[in-house]
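Structure first, commentary second.
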Amino acid sequence: MAKHATPMLDQLETGPWPSFVSDIKQEAAMRAANPKGLDYQIPVDCPDDLLGVLELSYNDGETHWKHGGIVGVFGYGGGVIGRYCDQPEMFPGVAHFHTVRLNQPAGKYYTTDFLRQLCDIWDLRGSGLTNMHGATGDIVLLGTTTPQLEEIFWEVTHNMDNDLGGSGSNLRTPAACLGESRCEYACYDTQAASYNLTMEYQDELHRPAFPYKFKFKFDGCPNGCVAAMARSDFSVVGTWKDSIKIDQEAVAAYVAGEFKPNAGAHSGKDWGAFDIEAEVINRCPSAAMKWEGGKLAIDRSECVRCMHCINTMPRALHIGDERGASILCGAKAPILDGAQMSSLVVPFVEAKGDFDEIKEVVENIWDWWMEEGKNRERLGETMRRLSLQKLLEVVGQEPSAHNVQEPRHNPYIFFKEEEVPGGWDRDINEYRKRHQR
Ligand code: HEM
Ligand code: HEM
Ligand code: SF4
Ligand code: SF4
């Protein structure tokens with residue numbers, strides 16, 4: 001028998017999609033039955049009270065979490081999101097309902113052994129509820145009390161060799177697309193880059209030292225499966241410098257209908273027979289492709305490496321061999337001065353070994369932004385306030401046509417004094433000798 005009546009939430013148990021309500025009820029029933037005989041460290045009915053407070057919010061259309069909450073573990077300045085219910089007498093099981101962020105493995109590959117250990121810790125010391133995963137990437141353990149935080153931290157570090165993720169004005173948990181682990185488009189080892197930079201900058205991740213939050217994300221190619229260009233201040237996106245590799249026989253197999261276009265992604269609808277002219281050649285954004293006499297040709301100098309032709313004929317077209325990545329900066333959500341996607345800063349860097357070229361760019365940007373960024377100003381906003389030109393200067397990137405989509409159309413152009421013959425110090429009396437008042 002459920003603790004609270006939840007008529008509105010019950011409606012969300014219908015329909016084909018996996019119901020979070022059914023799942024939470026199942027966890028509530030499991031805790032009540034307690035088949036393992038656990039000595040639960042937080043209220044056994046925590047999930048029931050979560051459903052209770054959620055039902056109340058569904059009724060009155062308002063949240064019932066109090067403002068903010070500052071909790072954590074010694075040594076770190078972030079990692080836990082504190083939260084308290086504003087109706088603690090009605091729902092004592094969620095009076096404390098803190099969220100613990102745990103750093104996830106890059107690409108989110110797990111063994112059942114690891115997940116079982118984690119669930120064992122969380123069943124005992126938390127609500128039994130999770131988010132797999134937070135939008136930044138972390139494993140999110142949803143709901144526990146303050147006294148359990150150090151206990152959980154001790155167990156995940158000592159027994160599982162796992163650390164917390166980031167929160168606050170610091171480097172947040174980096175994330176990567178699954179990259180070379182199972183994608184033939186990957187231009188560098190995104191998981192290795194994500195892991196390497198996460199380890200390199202542990203201090204910046206655990207102890208807030210920045211004007212505001214800062215995120216890294218690593219995409220293996222411009223398809224953007226981890227959406228680095230939209231969801232990270234520092235976006236690393238794989239690409240190549242040489243030519244797309246063309247397997248003419250495989251192209252013929254697509255044209256003959258033996259291979260499915262886009263690996264069968266549109267097979268749910270009849271789009272007719274594959275038409276290489278209409279679906280690839282004429283879709284190339286830079287008209288860099290030719291289909292003549294049963295042969296496909298690509299003008300490498302015009303190709304912007306958009307991925308369209310490769311995505312459409314993955315068995316015939318392949319990324320080049322001179323691989324690396326582009327670095328783009330400044331993506332952020334709307335608050336304060338409007339949403340931004342990242343802007344291209346470094347068109348091509350090496351992305352291998354210890355990723356030293358990438359780290360150099362990171363550290364140059366941090367040196368600048370940590371000094372010049374205003375309180376709670378994202379890198380994207382600092383770039384707007386102090387200019388892309390300033391960012392290129394601190395990164396040591398020679399400005400090139402690649403850095404802009406189009407040149408400015410207003411003439412409010414600043415020159416450096418040393419660029420202008422004679423400099424800025426002028427005497428009006430000299431001028432008056434030639435021009436009367
Ligand atoms: C042959 C006629 C004119 C020429 C060659 C001329 C040229 C210029 C130039 C070179 C500037 C400086 C732009 C800059 O700082 O980047 C300027 C600014 C300005 N001019 Fe003229 N101008 C002319 C007529 C006028 C007239 C008739 C008015 C007003 C009735 C005017 C109002 C202004 C104003 C307000 C600015 C300052 C704009 C700003 O600071 O953004 N100009 N003009
Ligand atoms: C009480 C009267 C006025 C006040 C208080 C006033 C105030 C201002 C202020 C605060 C600015 C911005 C300065 C900056 O960019 O830092 C400005 C710019 C300007 N004002 Fe006025 N103004 C007045 C009258 C006028 C009049 C009568 C004209 C022209 C007939 C004029 C033309 C301009 C122009 C062209 C600019 C430059 C706009 C730009 O930089 O884009 N203003 N004014
Ligand atoms: S971003 Fe590119 S390399 Fe990474 S998984 Fe997606 S398609 Fe593959
Ligand atoms: S990757 Fe894009 S720009 Fe390059 S040839 Fe293919 S479709 Fe054209």
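The shown structure was predicted, so the numbers you read here are calculated from the model rather than taken from an experiment. Order of appearance sets the numbers: ligands from 1, and atoms from 1 within every ligand. Note: hydrogens, waters and symmetry copies are ignored here, and every other heavy atom, side chains too, is used. Position 1 is the first residue of the sequence, and the numbers go up from there.
Counting atoms of ligand 4 from 1 in the listed order, those under 4.0 Å from a heavy atom of Ser286 are 3 (S). Under a 4.0 Å criterion applied to the non-hydrogen atoms of Ala186, ligand 3 contributes the atoms 3 (S). Near Asn223, meaning under 4.0 Å from any of its heavy atoms, are these atoms of ligand 3: 7 (S). Under a 4.0 Å criterion applied to the non-hydrogen atoms of Tyr185, ligand 3 contributes the atoms 3 (S), 7 (S). Against a heavy-atom cut-off of under 4.0 Å, Met307 is close to the following atoms of ligand 4: 1 (S), 2 (Fe). Distances below 4.0 Å separate heavy atoms of Gly224 from the following atoms of ligand 3: 1 (S).
Here atom 5 (S) of ligand 4 lies nearest to Met289 when heavy atoms of Arg283, Met289, Glu302 are compared.
Not one N, O or S atom of His308 sits under 2.8 Å from atom 2 (Fe) of ligand 4. Contact annotation: Cys284 places no N, O or S atom under 2.8 Å from atom 4 (Fe) of ligand 4. Between atom 4 (Fe) of ligand 3 and Cys221 there is no N/O/S contact shorter than 2.8 Å.
Contacts between Cys309 and ligand 4, counted as non-hydrogen atom pairs separated by less than 4.0 Å, involve both the backbone and the side chain. At a heavy-atom distance under 4.0 Å, no atom of Ile310 approaches ligand 4. Residue-level proximity to ligand 4 for Ile298 is carried by the side chain, the only part with a heavy atom below 4.0 angstrom.
Nearest to atom 4 (Fe) of ligand 3 among the protein's heavy atoms is Cys177 SG, 2.3 Å. In this structure, the protein non-hydrogen atom closest to atom 1 (S) of ligand 3 is Cys225 N, 3.3 Å.
Distance alone, capped at 3.5 Å, places no donor-acceptor pair between the Asp299 side chain and the Ala288 backbone.
Distances shorter than 4.0 angstrom occur between a heavy atom of Ile244 and an atom of ligand 4.
Side-chain contact between Gln104 and Thr173: present, with at least one pair of heavy atoms (C-beta onward) separated by less than 4.5 Å.
Aromatic rings of Tyr84 and Trp65 (six-membered ring for Trp) have centroids beyond the 6.0 Å cut-off, not under it.
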